[in-house]
Structure formats: structure tokens, C-alpha cells
Amino acid sequence: MRFARGQFGGISVCAQLFYREQGTQHRDARSRPPARLDVERIPAGEVAAGSEVQKKEAGGEDSNGSRRSGFVRRAWTRFRAAGIARERGTFHCHTVASDGHNTLEEMAAAAQELGLEYLGIAEHSKSSIQAHGIDALKLRSQISAIRKLNNKLDGFRVFSGVECDILRDGKLDFDDEILGELDFAVASIHSVFNLSEAEMTKRIIRAMENPFITILAHPTGRLLLKREPYAIDIPAVLEAAAETGTWIELNAAPKRLDLDWRWWPLAKEKDVKCVINPDAHRTERLQDLWFGIGIARKGWLTKVDVVNCLPLGKIQSALEAKRNKKA
Ligand SMILES: [Zn+2]
Ligand SMILES: [Zn+2]
């Protein structure tokens, strides 16, 4: 079929980007984010809180009163001024144990320098060979390394986790026995992207039904400007998240920004919790949290929707809530 000249040939780059934004490249209606936002507005107090934090931070000291390098301090100032109140910690980061570039100790130190109170480490599991995924033996040795590190830390905690591959049929790459030894577990897809929407949705929901899976990571698998999201029924996944008590990740890596901001109002409506994770593979990338906060705001989320805003004293019981619910 040929189109008359001017019908499509003259379309501007801006218009093409617009159509892209509207989701015309997505495979089907149900993996396409809703085009229109229909959410309640953030109360004025929430917005004002951001400017208060900004004023306080202008002094250049953090809550511990310690001094930081100018760069980190500036990043943190912007970070805390972002209006989702204060982010206390994050999950889903990698170290040299899988495909990360920094050690456990370096990642923990960088998170502390950024003013966080806790950090969750989640290495790739054994099926992710390309990402140097680890087996049960290595995972157990990391659990004990984290325990030792925590004994030396004061006011900061590292949580043991794993980024467990969801296999083709929805089974997990680790069994419940080892998942139960962890503080949390992230489930994600890194292979077999070409299933039908029904199969992919079933596969993911099956993984979410496991009581030890705390977080569904990068839920559509998209890589911006590189790889389309796989076919998946996001409303059904959000429904399952609400039912099982699984947190949905807002992956803050700039190449992902997944789940897309357009879905968060629906997640909020279903009372599904968001967890902003940088998926950092090196210390500097912890600061990608900043992008995640921006996207969460764009999705009209506030601190009650984002579990990272829970302080260290409350995050532990939040992490245990799902497995206790099923017990
Ligand atoms: Zn991943
Ligand atoms: Zn990851």
C-alpha cells in the first residue's frame, strides 16, 4: 500500500516522537500505558514540603551532621528536594559478585554517603549466565558477608536479596528454601521475551504468587530506544500485585524507567506499592534514584505510595509482610 505524498512522508520528527510517546509502537492495547491521566491531585502540603526540605538542605549538612563532598551534597539536595519527602533507602543493586563493578563494602559506603539508611543487594541468579548470575553456594556466602558487614555498621543496614530470574513457565531460578533465607527477593525476566501476552502475563503472575518474592523488577523489560516492552497485561499484573502484596519496581536506570509513569496512577488506585530502585551496577549509579523520583512524581505518587520512604525501623516489617501474610 502506498501513501500519498505528504500523508506520512512529511511527518516531523516531533510528531514521530509524539506518536511514540502515545504508545503507537507498543504491541497491543493492554501493554500500552493509558493516554490520559485521571488522578487526584497531590495536596498542597506535599508540594510545600519539598521547598522546606530545600531550605533546610541549603545549609549543606545531612541529618547526621557529617560533611560530604560537594558533588554528593548537591545531588542529595536535589534528591531530597524532590517532594516525595525523604527517600530512606533502596533495593536491587549489584556488586562484583555478579555483573557489578564495585564491592559490597563500596556500595554500602556510597549509599551511606548519599544519606541513605539502608541498601538492598540483589545479584543475578544462575540462569543469567551473561550477567554472571550466582548459584546457591555463592548466594549463601554473600548472605554471611552481609551479616558480617552489618555487625560493623551503625545506623545503616544492608539487606540480602537476589534478582531471581523468572523462567519460561513462571517458575523461579531458586527454590523457596534459599529465598526464605534472604531479607527480600526481586523477580525479573531476562530471557524468552517473545511469548504471547497471555503466556507472559501468566508467567509473571505465577512468580508474584510466590510468598518470598518481594518485588517485581522492570516489569515490561523495555530498553528505551533499543528494545520494545514485551507483551504483557499490566492491569492484570497490578491486580495480582495488589492481591499478593508484591511491590512493583520503578526501575530508575535511565535506559529503563520501567514501569512507565503513565501506569502509576492505576497502581496507586489499586493500592499497589512502588519501590524506586536504581539497579546500580556501580557506586555512581546509585544517584539514578534521582530520575526515579522524577518519574514517580510524574506518575503522581507521594511518600505513602513509595516504600523507600519508610525509615529503617519500619522497612524490615514491610519486607516481611508478604511472607507473613501467606504463612
Ligand atoms: Zn534485571
Ligand atoms: Zn538488576
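Ligands are counted one by one from 1 in listed order, and the atoms in each one are counted from 1 as well.
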Check the side chains of Lys322 and Thr214 for a donor-acceptor pair under 3.5 angstrom, ignoring hydrogens and angles.
no
Would you tell me whether Gln130 and His190 have side-chain atoms, one donor and one acceptor, within less than 3.5 Å of each other?
no
Counting backbone and side-chain atoms alike, is an N, O or S atom of His92 positioned under 2.8 Å from the Zn ion (ligand 2)?
yes
Of all the N, O or S atoms in Asp279, the one nearest to the Zn ion (ligand 2) is OD1
Pair Lys171 + Asp173, salt bridge at N-O below 4.0 Å:
no
Have a look at the Zn ion (ligand 1) and estimate, to 10 degrees, the angle subtended by NE2 (His190) and NE2 (His218).
110°
Do any of the N, O or S atoms of His94 sit under 2.8 Å from the Zn ion (ligand 2)?
yes
Could you check which N/O/S atom of Glu163 is closest to the Zn ion (ligand 1)?
OE2
Do Gln142 and Ser160 get their side chains close enough for a donor-acceptor pair, meaning under 3.5 Å?
no
Do Val162 and Val96 share a hydrophobic cluster (ILVMFWY, side-chain heavy atoms under 4.5 Å, transitive)?
no
